[in-house]
Amino acid sequence: MNISPYDNLPTGDKDPKQENPQQAEDLQYVDVPLDELAAEASDEAVPPRQSAEEGAGEITLPEVSPQQGEESSDNEPAAQKDDPRPEENIVENSAAKKAPVKRESPEASPSQAKNREASNISVFAPSSGYSKLSLRNIADTGEYLLPFEETLLVPDTMPDMEKVLFAEGSVLLSQPAKASYRKTDSISGELIIYTVYKPGSDATSPVDVIRSAVAFNTDKCWDTSESDTFRATVSVKSVSAEMLNERKFTVKGTISIHYTGVSQKELTLFNGANDNDLIRRTDSVKAANLIFEADETTEISQEIDIREDQPAPVKILKERFDIVENHRQITSGKLVINGTIISEILYLGQDEDGDTELGCLKNKTDFTQFIIIDKDVDADLLYISFTDDGLKTIIESQNRFQLQGKITSVICGYENMEIPIVSDVYHRKQDIDFDISCQPVSCLEGTVCGEISSREIVNIEEEDSRPETLLCGSGRLTEIQGTAERGKVTIDGMIAVKILALDAEGQPLVIDSQVPLRGALEMAGTSEESTADVSAALKEFWFDSINPRQLEINVSVSIEVRAIGQENFTTVDNLRFIEPSSTRKHISMALYVAGREDTLWDVAKRYKTDVETLSRLNGIDSDHLSEGTKLLIMR
């Protein structure tokens, strides 16, 4: 019975006592007769010969002689140096692989190591093997909270304060059309605060409102960011008012500055120096690149009619504007944006008998913007933010108001670039060395728009006054965040609601409530590592009485979510060719047993062949190898 020496091959995880303590680059193989190999495989007591270096614990076939034109090492035995036989087969195991190119044999003498080091002359690859790619990449997103506190006086023309009811505010930027900020730039503007209070007993109206402008200015919002430029949206996160005396009060709160940082990145691409023998491991990463910026200001002018059951306007007490996007589309080189301005006006009016009466009016004003766009931008990869550029209402007649002013939209367009990367490389004929360059880049994994609605029942305690007339309400997003999961984004938020009402005696009261906002939006391509950048605007807000002790509050919020992912751009850098050591053995055929973490690429690189050849020769379709897989290698 004939027994093949390959019937009992070593596995990828050998007994540590049997492993060769030297790396593959320094192995010295000797001739072993086939009868001895057969005896070894059949457990006969014929011990294999050891290598000249002592300690080779693998079954080996005769080694390959040096290639034509190479000189043998002076350290080789004379029998090997003079052996004229051609290249033969070698059986190897994965435990002796992946040795560094410049690693020295442990037994090398100092003089040998010095001579060998001198022979490893590096030759740099041509500079034409590299190219540069510049892109403006999303670096980070964040929120900066700017506190404010101001002591204010009641205007001389207004009645004394008896009680502060509530306060609300909005932001008016000094540069609403500014699309991009730098590290040295500051954000400035005015905080418009409406303080609603109950005046003294001699006042003709149960409610009056003080409009105040508080200036703000900061450049600290990007101190912790490493970005070069920033896109920012500014809003009021919290605001409250406290009465000090009948002619003085304090307002305080926080301004939210939500920013997206963009960094200029210079990426080095490795092209391979036009060498067909240079085998590269290629892949690609996605990176978001800011390619388009624009702003558009639109004049707004619309008449708002008063309903027949409402009093004729005499004085505007306060006004509130929310701007939401309805639709966007890119067509014929133009970006078309359709949006809505949601207005709420609290005013002092007169009924038909000339008596003073409070009135509240809600209105929706649609607008459309056209922006020339000369880039190939996906409409889903646009960041669009709206700012109030001096919107206000005026009393036009006893039957109508007029909305006038401007709104400004700031647009940033991105593209997701597929960037090739070379993470590993080897040469068929020469020894090489190289560095690995790595830096993080971000990509837009997906975007989604939608609406999330919430309903809340508010119970009024017995000791509190019951609301008889509901006048107006204020809803403000105090918290909003998104969590990316597999295939969806979960939204959590909170809306602070204040409702101004009158009791049965005509006295004002305020109903406070917190409305939770929860929901989920489907978004393909997201992962748990994604960062969800959420933009939100209050789209619908209404309330009504269920009974004298219960109110129903309904809100609808327009949500836009961008899932930002992080990837690593990795490439080969500083490639250089190295003169091989004269003791290096060249293998033309081997039988290899895969270890636990081996891939086809690892084996191909080790034997300086290629993955396609290994795959075709061994009938393997995947780069992953199962432990113990036997591979035939031929060069």
Side-chain angles (χ1 to χ4, degrees), residues 163-170 194 196-198 206-207 209 235-241 253 307 309-310 317-318 320-322 324 340 342-346 358-364 450-483 488-521 534-559 561:
K163 180 183 179 181
V164 171
L165 299 174
F166 70 94
E168 65 179 44
S170 60
Y194 294 97
V196 183
Y197 72 99
K198 177 185 177 182
V207 172
V209 181
S235 61
V236 176
K237 193 175 184 70
S238 66
V239 59
S240 63
R307 298 193 309 268
D309 60 337
Q310 292 181 315
L317 298 178
K318 78 177 186 71
R320 176 187 174 91
F321 306 104
D322 291 303
V324 295
T340 299
I342 303 169
S343 309
E344 183 186 73
I345 308 166
L346 176 67
L358 289 173
C360 185
L361 182 64
K362 294 184 178 182
N363 183 70
K364 291 184 177 180
E451 292 183 20
I452 296 178
S453 300
S454 185
R455 178 177 179 267
E456 186 78 2
I457 302 299
V458 179
N459 296 312
I460 300 172
E461 301 296 335
E462 288 291 337
E463 61 270 17
D464 295 334
S465 299
R466 290 183 298 175
E468 184 73 20
T469 303
L470 302 177
L471 292 175
C472 65
S474 168
R476 184 180 68 256
L477 278 162
T478 57
E479 298 290 340
I480 188 73
Q481 62 182 0
T483 304
K488 67 177 181 179
V489 176
T490 303
I491 304 296
D492 288 289
M494 190 66 69
I495 302 173
V497 173
K498 295 184 182 295
I499 298 173
L500 179 62
L502 299 177
D503 61 15
E505 298 178 357
Q507 295 300 308
L509 59 95
V510 176
I511 301 167
D512 287 327
S513 180
Q514 297 285 330
V515 179
L517 187 69
R518 296 186 182 93
L521 300 174
V534 183
S535 299
L538 197 64
K539 190 171 185 179
E540 298 285 348
F541 173 53
W542 62 272
F543 47 88
D544 202 358
S545 296
I546 300 176
N547 56 56
R549 291 296 177 184
Q550 284 185 318
L551 293 180
E552 176 186 5
I553 301 174
N554 288 270
V555 295
S556 178
V557 177
S558 176
I559 301 287
V561 183

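If you're wondering where the values come from, they're calculated on a predicted model, not measured in any experiment.
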Side-chain contact, heavy-atom cut-off 4.5 Å: [X] with [Y]?
X    : Y    : result
N554 : R455 : yes
C472 : R320 : no
Q507 : S465 : no
Y194 : V209 : yes
L509 : D464 : no
I480 : V557 : no
L500 : L358 : no
E344 : C360 : yes

N-O pairing of E540 and K364 below 4.0 Å: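 Salt bridge: yes.
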Within the side chain of [X], is there an N or O that forms a donor-acceptor pair under 3.5 Å with the backbone of [Y]?
X    : Y    : result
T478 : M494 : yes
R476 : G169 : no
R466 : R549 : no
Q310 : R307 : yes
E168 : V239 : no
K362 : F541 : yes
S454 : P516 : yes

Going from [atom1] on [X] to [atom2] on [Y], what distance comes out if it is rounded to the nearest 0.5 angstrom?
X    : Y    : atom1 : atom2 : value
I345 : F321 : CD1   : CZ    : 6.5 Å
I491 : T483 : CD1   : OG1   : 8.0 Å
L517 : I452 : CG    : CD1   : 5.5 Å
E468 : L502 : CD    : CG    : 9.5 Å
I457 : L551 : CD1   : CG    : 8.5 Å
I553 : I511 : CD1   : CD1   : 7.5 Å

Where is the tightest heavy-atom contact between [X] and [Y], given as atom of each residue plus distance?
X    : Y    : answer
V510 : L165 : CG2-CB, 3.6 Å
P467 : P548 : CD-O, 4.1 Å
L538 : V324 : O-CG1, 3.8 Å
K539 : S558 : CB-N, 4.2 Å
L470 : A501 : CD2-CB, 3.8 Å
I559 : A536 : CD1-CB, 3.7 Å

K163 atom NZ: more than 12 heavy-atom contacts under 6.0 Å: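 No, because the 6.0 Å sphere around NZ of K163 holds 12 heavy atoms or fewer from other groups.
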